[in-house]
Structure formats: structure tokens, C-alpha cells
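These notes concern the structure reproduced below.
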Amino acid sequence: MAYVLIALVSVLVVALVAWPLLRGESGAQPAAQSDDLRAVEEELQSSLDAIREIEMDHRAGNLSDDDFAALDRDERARAVELMRRRDALTEAGDAVATGGAA
Amino acid sequence: MTLVGRAALLLAFASALYAVGAALWSRRKGRRELLVSAERGVWAVFATTTTAVVVMWILLLSNRFDVADVAGYSNRTLGWRYKITALWGSQAGSLLLWMWFLSIAAVLVVITNRTRNRALMPVVVAVLMGIAVFFTSVLSFFTSPFETVSPVPADGRGLNPLLQNVYMESHPPLLYVGYVGLSIPFAFAIAALVTRRLDSTWITSIRRWTTLSWMFLTVGIILGSRWAYEELGWGGYWAWDPVENAALMPWLMATAFLHSVMVQERRGMLRIWNMVLVILTFTLALFGTFLTRSGILSSVHAFGESTLGPYFLALIIVVLAGSFALLISRLSLLRSENSLESYVSREAIFLYNNLLLVGLAFAVFWGTMFPVLSEAVQGQKITVGQGFFNQVAAPIGLALLFFTGVGPLIPWRKASPRELRRRFLWPLVVAVIAVIPAVYFAQDGAHWWAALAIVLAAFTVACIVGEYWRGATVRHQLGGVSWPGAVGQLFTRNRRRFGGYIVHLGVVSIIVAIACQGAFSSQGDLALRTGQTGEVAGYQFTNEGGTRTRDDHKMSVGVALGVSEGGNRFATLNPGVDVFTAQMQRSSEVAVDTSPFRDVYVVLVGLTPDGLARISVFINPMMMWIWVGGLVMVLGLIVAVWPSRRPREAAARAALGADGRVRE
């Protein structure tokens, strides 16, 4: 009985790992481009959070007007740059997708 | 049945080995189906390890004393709950539990990254399964939980009575979850280094894993302290025991990382430092496992002599050498985006906090390993006492408490003196007010550091409350919401920051309790015949008679003590001693009366047949606040890691509106 169980589990394990190879399953896209896009989006999100936090700190009196102006300007510039990078990556991705379809 | 267990572990070993190879091969060849197959290998490791765990539980529950671990750690009279927990009573069983948690964590990583981090995943899978190869090989070839014995004993030796405790049911698994969880940040860090994808992706991918692992480590350590307090009967909760230190060191490193990672996210700084912290945190988690299994240091918590030490040491060396070699090869890619503009800035405070935490971790490491080092160098084992650890930890703890209060009030990049004066005015006023009771309790300067802890705690709480107050005021004015609604919005809009402040409140509670317990506790021994009354630290204890009972499992003696203060009786305490028949092992059942200001903690040392009770009494001030602080920390962590709604695509553009304002 134990041997039958072991054989059954072994076959199942082999089938589990071999199935993607036999089917030539591609699974999720490993595209570096999608990872790049996500990285930029994460950074953008972090930048937007930072802008909100700087503004909250200013309103709460945690930042002087001068410090707020400097911090806010730099962070907004960073966010805009990240948005540009994100848009460029999105357009590049769309172009690849369209080319692939054609 | 044991054959099934052994086969399951061998299959887990083979699957893990395959997953490592397939994952690395997929990266080399760029074949996606190989990565999918490697991820299926992770599932196979999980399925087979789960099978091994289930088999072990069936063996324990069915009293299969032909299995060495069942005979050694269970017996017929043991309740089913402890038969379940007996799994991690043995060395091999505890490693099996670790491996099982690792397989669960690896499967969760695969599930949550099916469409994310595809470039990192081959290395992440390879690292996690590499660790699994180590553990499954140890379990398959060096210390199997399915080892059999002959001749088969009629009954088992039973579980160590000290482990038959509700806190011990949960303390080891929670610590293991914490340790295993720390392997995820390590795997992502290595993947980021290997693939040279050193942007913020890997950091955001591991943030929640690290926080949750830290939470489990925190709860595990606190429950372990609670166990020591209630079960070991020496009146304390932390003895700087090597195994306690083994859990504390990765906790300190992970604490440092949780703070410094914010500097990387916000300012693009400390990128090398964060890598170092992740590597050291995981290495120290492995080191803790090595300490408990090598037999190089004696501890009430360790598994005693074993032959596994060299294997774990080899793993630690491979992890350290490999990781740092990789890190050095990528140094040029890890340059900071910004530099420190001011020594009075949020990032500078985080840096000081990090240096203190890492310094404390190093001191704990040094004190823990000193007996081994002294024996190696001088041939004489010199044990470092609690005094060394207390002397180092007290000033560092106080400095950390100070920075806990100061940090949130100082802005990123720089702070102007005028702003600093304004921000710190009220916290300083509160601190000055707190000096009066602190000096009173300090007893003419004899316990100045406890007084300083109280003053700094008041300062820190004032800083945190001020943050809530200012934040809620802005929300109230901006959104036209009620005050409770404004406070609620603080948590929904910035869970991490305001949840983190709750964690800080818990830390303050614990530090104050530790300081008060260390400075103001008192202890006394009494020998009382039935009807006699004795006094310790102003509390009167009356022996109201002893009891003796016996069952199949244990013999118990106990004494009823009436406890009074100033003539007012407020409690009846029943300390006792159990002697477990299977192991002929003695276990104290301490009795504690808890109030917000003090614990009255009584241990029965002995009870003679003529009714003479020898008791030890400990008056421990503020003890409750250690456990309350732990609960508050967990609450804050849950708030901090709870998923929040974040604006997407369109909202991101809208947030940077034409009017130049970020819309809330």
C-alpha cells in the first residue's frame, strides 16, 4: 500500500513539473519591458505619495514655506519625469503589441 | 507510514533540486516554459513537504512509538494538542516545520508573482529552492523525523513539561514563520543583484513580506518572554540567553531595514546599506537556527548536542560569501541618487537609528559568541553575564527611544532651526513636566536611567500625539469631516506612517516597563507554616494550607496564599510545583496577581509534609505594559500592512493637476 502511494505521488510530481515542458506552456510573460513599466509605476506612486505627504506636512505646520517650496518643486519634477518615462514605455509596449498583431 | 514520510521528503528534495536547475536554466536560455516548470516544482515541494508533516502528525496521534521522535517526545497520556505541538519538540521535527513554512512561503511568492517580477522570478525561485534543498537534504540524509527504533518501547518519554504550555504551542511556529519570511526579502535582493534590476521594484515587492515577518518575529519573541516569565519561575522574562539572543539579532536587523528602506524609497539613498541589512538579517536568522542546533552553547531553549552544526555553519558561510561577493560586483550600480544634505533631517535620523540598531545587534552577537571565542583563543570558556548586555542595551535603548520621538517631527532633507523650535516646544514641555515624577521615583539618582526612560517616553508620546493632532486637524479643516472621521482618514490615507506611530507607542510602553521592572522590582523569600504570615515589600502573605494531588500524568503540590497590602486582602494566589511522572521532571506553576502598576509573582520553592511552605516573592512593577506594548505593536503593524486603495493611471495624472496642487 505504501509503495503504491509513493509511486502515485511520484508520478503526480513528475506530471506536475513536466506538463509545462510537454505543452510548451509559455505562462506569464517574462518581458523585461513589463517589469520596467511596473518599476516606473511603483516609483511614480511613491513620488505621488511623497508629494501628498509634503503637502500634508506643510499644512500641518511641519514644514516652513521655503522648505515646502523647495521640496515640493523637486518632488513634482521627479513625478513629471516618471510620468514621461511611463508614457514612453507604454507607447513602446503598444507599438510592440501592434507590430506583433500585424 | 514512515516509508511514505521518508519518500515524501526525498521527493521534496528532488523537486527543490529540479526547481533550482530549471529556474536558472530558464534564465540562461530564456525559455519561459522552464520557469513555469520550476514554479510547478515549488508547488511539488509544498505538496510533498505537507505530506511529510501530515504523516508525522498521524504517527504522533496514533502513538507509533517505533518512530524515534514519537517515542522521544510523546506518550500515551499526552493530550492531542500537545501531540500536535510535539512535532516541533524534536530537532528533526522542528526542521520539518521550518521546511514546511518555507514551502508555503515559496508557493505564496509564486502565486503573487505570476504576472509580476518575471525577470526576477527565476533567481527568486532558485534562491528559495536552494534553501529548500539544504533543509530537505538535512531531513532526508542526516536527521530524519521518521527514524525508527528497535525494540519498540511500550510508551514514549513524553513532551518536556516546560513545553506543555500555551505559549510554547505558538512561540516556535511564530518565530519560524518570521525566520522563513526573512528569506523572501533575501531572495528578492539576490535576484535584484543578479539581474542588475536594482530600481525600487524589488524593494516594493518585499515591503509587506518584511513587515509581516517582523510582526511574526515580534510576537514570537514576546510570547517566548511570556513563557519564560510564567514557566521558568525565576521572576524574570528575559535572561539574554543565547537562544533568546538568536531571535533578537535578526529582529534588530530587520527593524533597521524597515526604517532604512524608507530612505531608499523616498531619497534613493542607502541602497548598498539596505542590501547589507537584508543579507545580514537572513544570515542571522540562519545563525539562530545554527545556535539552537550546534550544541556549541548551552541554553534552556536549545536542542542540545547534535551533529548538524557544521552543515548550518557551511550554509551560513556560503550565504555570506556568495551574497557579499555578488554585492561587491554590483557596487557601481548601487550608487545613491542623493546625498545627505543635513545631519538634522529625517534621513539622518533614520541613519542614526540604523547605526544604533546594528550596533546593538553586534554587541548582542559579541556577548553571545564570547564564550566560544574565548575558548577558541584562550582555551577557557568565559561566559558573558546579563550585566554586559544590560549595560550596552540600556543606553542604546534610550537613544533609540529619543530618535523614535524626534524622527517623525523632522522633515526630509533638512530642517530649519525656527521650525525645530516650534515643533519641539510642546514635547519638551511635556518632558520637563515628566522630570518631576521621574526624579521622585529615581530615589536620589540611584536609578537615573529609569528616570531618563520615563522622561524620554513622555517626550516621545508627546511627539506622536502631536503628529496625530496636527494630521487630524488638517484633515478636519480640509475635508469638513468630524474629528473621529479625520483621525480615521489619517489611517486610510497613510497607513504606513500612522500605523508605524502606533507601533512606536507599543515600543515606548515596553521600554518604560522594562526600565521600571529593572530599576524598581523587589524580591524576598519566605518560609511559612499553615496560618503564618510574612511580608515582602509591603505585601503580606498568609499560608492558608497546602494541597497534594496525583494522577496518571503528574504529581502536584500547591499552597494557597492570602495576599494583602496595608491590611486589605486583594488576592488569593496558588503557586505550585508539578512533577511529571514520565520524565520525573519538575515544573513550577507560578502564581501572579497582575495590576496596571505591578505584578505580585510567587513561586513555590518547596512544601514539607508538615505544611511548611517556602516561597519566593517578586514584586515586578509595570510588567503588564510589556504585554500590552506587544499587543499595541501588533495592532499598529496590522494597520501599517493593511492594503490601501491607491490612485491609478488617470488619478495619477489628475493628482498632478494644472493648478499645481495634489488633490487628496
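Reminder, nothing fancy here: chain letters follow the sequence lines and each chain counts from 1. Remember, it's a predicted structure, so these values are computed and weren't measured experimentally.
Heavy-atom distances place no part of B/Gln477 under 4.5 Å from chain A, backbone and side chain included. Only the side chain of B/Leu11 has a heavy atom closer than 4.5 Å to any heavy atom of chain A. Contacts between B/Asn117 and chain A at a heavy-atom distance below 4.5 Å involve backbone atoms as well as side-chain atoms. With a 4.5 angstrom heavy-atom cutoff, B/Ser15 touches chain A only via side-chain atoms. Proximity to chain A (any heavy atom under 4.5 Å) is shown, for B/Leu420, by neither the backbone nor the side chain.
In this structure, the separation between CZ on B/Arg27 and CG on B/Leu120 is 9.5 Å, given to the nearest 0.5 Å.
Using bins of under 30°, 30° to 60° and over 60° for the plane-to-plane angle, the ring pair B/Tyr468/B/Phe498 lands in the tilted bin.
With chain B as partner, the option from A/Val13, A/Leu5, A/Ile6 having the largest number of non-hydrogen pairs under 4.5 angstrom is A/Ile6. Contact tally against chain A (heavy-atom pairs below 4.5 Å) for B/Met121, B/Arg422, B/Lys414: the top residue is B/Arg422. If you tally non-hydrogen atom pairs under 4.5 Å between each of A/Ala50, A/Ala70, A/Ala18 and chain B, the highest count goes to A/Ala50.
By the 4.5 Å heavy-atom criterion applied to side chains, B/Glu39 and B/Met129 are not counted as neighbours.
Note on A/Arg52 versus A/Glu55: no salt bridge recorded, every NZ/NE/NH1/NH2 to OD/OE distance being 4.0 Å or above. Ion pairing between a basic and an acidic side chain is recognised when a charged N comes within 4.0 Å of a carboxylate O; B/Arg266 and A/Asp49 show no such pairing. Contact check on B/Glu265 versus B/Arg207 returns a salt bridge, with a Lys/Arg side-chain nitrogen under 4.0 Å from an Asp/Glu carboxylate oxygen. Between A/Glu41 and A/Arg85, no side-chain nitrogen of the basic residue sits less than 4.0 Å from a carboxylate oxygen of the acidic one, so the salt-bridge criterion is not met. Between A/Asp57 and B/Arg497 there is a salt bridge, with a side-chain nitrogen of the basic residue lying less than 4.0 Å from a carboxylate oxygen of the acidic one.
Defined by atom type and a distance below 3.5 Å, a donor-acceptor pair is present between the side-chain atoms of A/His58 and A/Asp65.
Scanning residues 42-54 of chain B against chain A with a 4.5 Å heavy-atom cutoff picks out B/Trp43, B/Ala44, B/Thr48, ordered by number.
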Evaluate A/Arg78 against A/Asp74 for salt bridge (Lys or Arg N to Asp or Glu O under 4.0 Å), listing each step before the verdict. CA-CA 6 Å; A/Arg78 182 170 166 240; A/Asp74 290 356; over 6 Å; no
